[in-house]
Enquirer: 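Have a look at the structure that comes next, please.
Throughout, residue positions are numbered sequentially from 1 according to the sequence presented.
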Amino acid sequence: MKPRPSPNIWHTPGLYELENRAADPHGRIEAAMREVADWSGRAFLDIGCGTGFHLPLWAASAASVVGVEPYAPLVPLARRRTKKLANVKVVKGMAESLPLADASVDVAHARWAYFFGPGSEPGLRELDRVVRRGGTAFVIDNDPTRSTFGRWFARGYPMVDPVAVERFWSTHGWERRRIDMDWSFESRSDLESVVRIELPPEAAEEALSSHNGTAVDYAINLWWRHF
């Protein structure tokens, strides 16, 4: 079984690092997650952890953290980033076949990784297996119905049907919290570089020509479910 490609981080991990640093500078995503389910002192799973950007954040209060990443070249980068964190382990694996024991996770998190609505049922079955009773899973994805970036995303990816995506999650028992965050870059060139790895070429150039500055308002959906 081959992992689903993620062209942005797979092909340009350095630019994706810029994107991670620019996203949600006020920490609204993590604050909302903690309101739903605090991971302090608990076993945390990050699915599709990439280069491990968020692993130190979870490790600061979780009892243990496992980062699972399907793309082999990113695994050593995540391990290098967390080598001094004794409570973090990074393993190669896929969302639809997680290399974890049954009922071994308290809080699971996937951010722009695999869980995009219809088609991710195998990953949901794995969450049912590894998240123990009383645990919580989070999925973070774009909201193409709101915000400047949402409009850009909707133009670039018209095949994404937000109504079908919402129906998928609600049918599977998940709840949603809408969050308004920002991209805030240090330079215009950084913003332009990241937009060009996130959108198809024509949509990227249209977006950049219509937007000034180094910040972009950005809406997301935080999907969550208690087990």
Side-chain angles (χ1 to χ4, degrees), residues 3-4 6 8-10 12-95 98-100 104-116 123 127 130-131 135-143 149 177 179-185 190 194 197-198 218-225:
R4 295 185 181 187
S6 297
N8 44 19
I9 190 170
W10 285 23
T12 53
L15 289 180
Y16 202 75
E17 188 82 4
L18 282 179
E19 180 174 354
N20 274 324
R21 290 204 300 267
D24 194 20
H26 305 293
R28 291 170 183 160
I29 295 174
E30 285 73 38
M33 288 173 60
R34 283 194 185 274
E35 289 179 8
V36 174
D38 194 343
W39 52 91
S40 297
R42 306 176 79 190
F44 195 102
L45 167 64
D46 193 336
I47 304 170
C49 69
T51 61
F53 183 87
H54 294 100
L55 297 180
L57 171 65
W58 318 131
S61 56
S64 63
V65 178
V66 176
V68 175
E69 172 53 43
Y71 188 48
L74 299 182
V75 172
L77 300 181
R79 287 175 176 165
R80 188 179 310 144
R81 172 174 250 136
T82 57
K83 65 182 180 180
K84 295 183 179 180
L85 301 176
N87 62 337
V88 176
K89 178 172 69 173
V90 179
V91 296
K92 185 178 182 299
M94 293 186 290
L98 291 168
L100 281 81
S104 59
V105 172
D106 294 307
V107 178
H109 159 272
R111 186 176 305 209
W112 294 295
Y114 179 80
F115 293 95
F116 302 120
L127 287 177
V130 304
V131 179
T136 302
F138 294 101
V139 168
I140 296 161
D141 198 6
N142 294 305
D143 182 350
F149 185 82
R177 182 173 296 194
I179 298 175
D180 296 306
M181 65 163 197
D182 302 287
W183 266 352
S184 182
F185 292 90
D190 286 350
V194 169
I197 68 169
E198 288 296 344
Y218 195 134
I220 67 151
N221 289 319
L222 174 66
W223 299 101
W224 60 273
R225 179 191 164 198

Enquirer: Return the minimal non-hydrogen interatomic distance between Tyr114 and Gly123, and the atom names on each side.
Expert: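 Taking Tyr114 first and Gly123 second, the nearest heavy atoms are OH-N, 3.2 Å.
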
Enquirer: Minimum heavy-atom separation for Gly48 to Pro70, with atom names?
Expert: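 Gly48 and Pro70 have their closest heavy atoms at CA-CD, 4.4 Å.
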
Enquirer: Rounded to the nearest 0.5 Å, how far apart are OH of Tyr16 and CZ of Phe53?
Expert: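 Going from OH on Tyr16 over to CZ on Phe53, the span is 10.0 Å.
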
Enquirer: Answer yes or no: is there a side-chain heavy-atom contact under 4.5 Å between Phe185 and Val194?
Expert: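 When only atoms from C-beta onward are counted, Val194 and Phe185 do touch, with a gap below 4.5 Å.
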
Enquirer: Between Asp182 and Ser184, is any side-chain donor less than 3.5 angstrom from a side-chain acceptor?
Expert: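 No, Ser184 and Asp182 have no side-chain donor paired with an acceptor closer than 3.5 Å.
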
Enquirer: When you compare the side chain of Ile9 with that of Trp112, does any pair of heavy atoms fall below 4.5 Å?
Expert: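 SC-SC contact between Trp112 and Ile9 ruled out.
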
Enquirer: Drop me the distance from Phe115's CZ to Ile140's CD1, to the nearest 0.5 angstrom.
Expert: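 If we round to the nearest 0.5 Å, Phe115:CZ and Ile140:CD1 are 12.5 Å apart.
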
Enquirer: Of all the heavy-atom pairs spanning Cys49 and Ala78, show the shortest one and how long it is.
Expert: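 Closest approach of Cys49 to Ala78, heavy atoms only: SG-CB, 4.4 Å.
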
Enquirer: Examine Trp183 together with Phe149 and report whether their ring centres are nearer than 6.0 Å.
Expert: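 Yes: the rings meet the under 6.0 Å criterion.
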
Enquirer: Check for a donor-acceptor pair, side chain of Glu69 on one end and backbone N or O of Gly50 on the other, with a separation under 3.5 Å.
Expert: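 Yes; at least one donor-acceptor contact below 3.5 Å.
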
Enquirer: Pair Asp46, Val68 - check side-chain contact (heavy atoms from CB on, under 4.5 Å), show working.
Expert: CA-CA 6 Å; Asp46 193 336; Val68 175; over 6 Å; no

Enquirer: Among Asp24, Asn142, Asp180, which residue satisfies the side-chain hydrogen bond (donor to acceptor under 3.5 Å, both in side chains) criterion with Tyr218?
Expert: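 Output: one option passes, namely Asn142.
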
Enquirer: Run through Val107, Val131, Leu100 and flag the one making a side-chain contact (heavy atoms from CB on, under 4.5 Å) with Leu45.
Expert: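 The residue from Val107, Val131, Leu100 that satisfies side-chain contact (heavy atoms from CB on, under 4.5 Å) with Leu45 turns out to be Leu100.
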
Enquirer: Would you name the heavy atoms of Asn87 and Ala63 that are closest together and state the gap between them?
Expert: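 Nearest pair, atom of Asn87 first, then Ala63: CB-O, 3.4 Å.
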
Enquirer: Looking only at heavy atoms, what is the nearest atom pair of Pro56 and Leu85, with distance?
Expert: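 The answer is CA-CD1, 3.9 Å.
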
Enquirer: Suppose we screen for side chain to side chain contact (heavy atoms under 4.5 Å, CB included). Which residues come up paired with Asp106, at least two apart in sequence or across chains?
Expert: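 Side chain to side chain contact (heavy atoms under 4.5 Å, CB included) list for Asp106, sorted by chain: Arg42, Ala43, Arg132.
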
Enquirer: Between Asp38 and Ser40, is there a donor-acceptor pair closer than 3.5 Å when you use the side chain of the first and the backbone of the second?
Expert: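 The answer is yes, because a donor-acceptor pair under 3.5 Å joins these two groups.
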
Enquirer: Please walk me through it: do Ile220 and Arg28 pass side-chain contact (heavy atoms from CB on, under 4.5 Å)?
Expert: CA-CA 11 Å; Ile220 67 151; Arg28 291 170 183 160; over 6 Å; no

Enquirer: How far apart are the C-alpha atoms of Leu15 and Asp190, what are their side-chain angles, what is the distance that settles it, and do they pass the side-chain contact (heavy atoms from CB on, under 4.5 Å) test?
Expert: CA-CA 8 Å; Leu15 289 180; Asp190 286 350; over 6 Å; no

Enquirer: Measure across Val91 and Pro99 and return the closest heavy-atom pair with its distance rounded to 0.1 Å.
Expert: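 Val91 and Pro99 have their closest heavy atoms at CG2-CG, 3.7 Å.
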
Enquirer: Hydrogens and angles aside, do Arg79 and Thr51 bring a side-chain donor and acceptor to less than 3.5 Å of each other?
Expert: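 The answer is no; no qualifying pair exists.
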
Enquirer: Hey, what do you get for CE (Met181) to CG (Leu222), rounding to the nearest 0.5 Å?
Expert: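 Going from the CE atom of Met181 to the CG atom of Leu222 covers 11.5 Å.
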
Enquirer: Among all residues two or more places apart in sequence or in another chain, which pass the side chain to side chain contact (heavy atoms under 4.5 Å, CB included) test with Pro76?
Expert: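 Result, side chain to side chain contact (heavy atoms under 4.5 Å, CB included) vs Pro76: none returned.
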
Enquirer: Hey, could you give me the CD1/CZ distance between Ile179 and Arg177, rounded to the nearest 0.5 Å?
Expert: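 Atom-to-atom, Ile179:CD1 and Arg177:CZ are 7.0 Å apart.
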
Enquirer: Rounded to the nearest 0.5 Å, how far apart are CG of Leu57 and CE of Met33?
Expert: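 CE of Met33 is found 8.0 Å from CG of Leu57.
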
Enquirer: Measure from the side-chain N and O atoms of Thr12 to the backbone N and O of Asn8, and report whether any donor-acceptor pair falls under 3.5 Å.
Expert: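 Yes; at least one donor-acceptor contact below 3.5 Å.
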
Enquirer: Show your reasoning for whether side-chain contact (heavy atoms from CB on, under 4.5 Å) applies to Leu55 and Val90.
Expert: CA-CA 9 Å; Leu55 297 180; Val90 179; 3.7 Å; yes

Enquirer: Does Ile47 reach the side chain of Leu127, with side-chain heavy atoms less than 4.5 Å apart?
Expert: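 Yes; the side chains approach each other to less than 4.5 Å.
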
Enquirer: Let's go through Glu30 and Arg111 carefully: what are the C-alpha distance in whole Å and the side-chain angles of both, what is the deciding distance for salt bridge (charged side-chain N to carboxylate O under 4.0 Å, His left out) to 0.1 Å, and is it a yes or a no?
Expert: CA-CA 11 Å; Glu30 285 73 38; Arg111 186 176 305 209; 2.6 Å; yes

Enquirer: Scan for ring pair (Phe, Tyr, Trp, His ring centres under 6.0 Å) pairs involving residues 19-39, sequence neighbours excluded, and state none if there are none.
Expert: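 Passing the test, one end in residues 19-39: Trp39-Phe44, Trp39-Trp58.
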
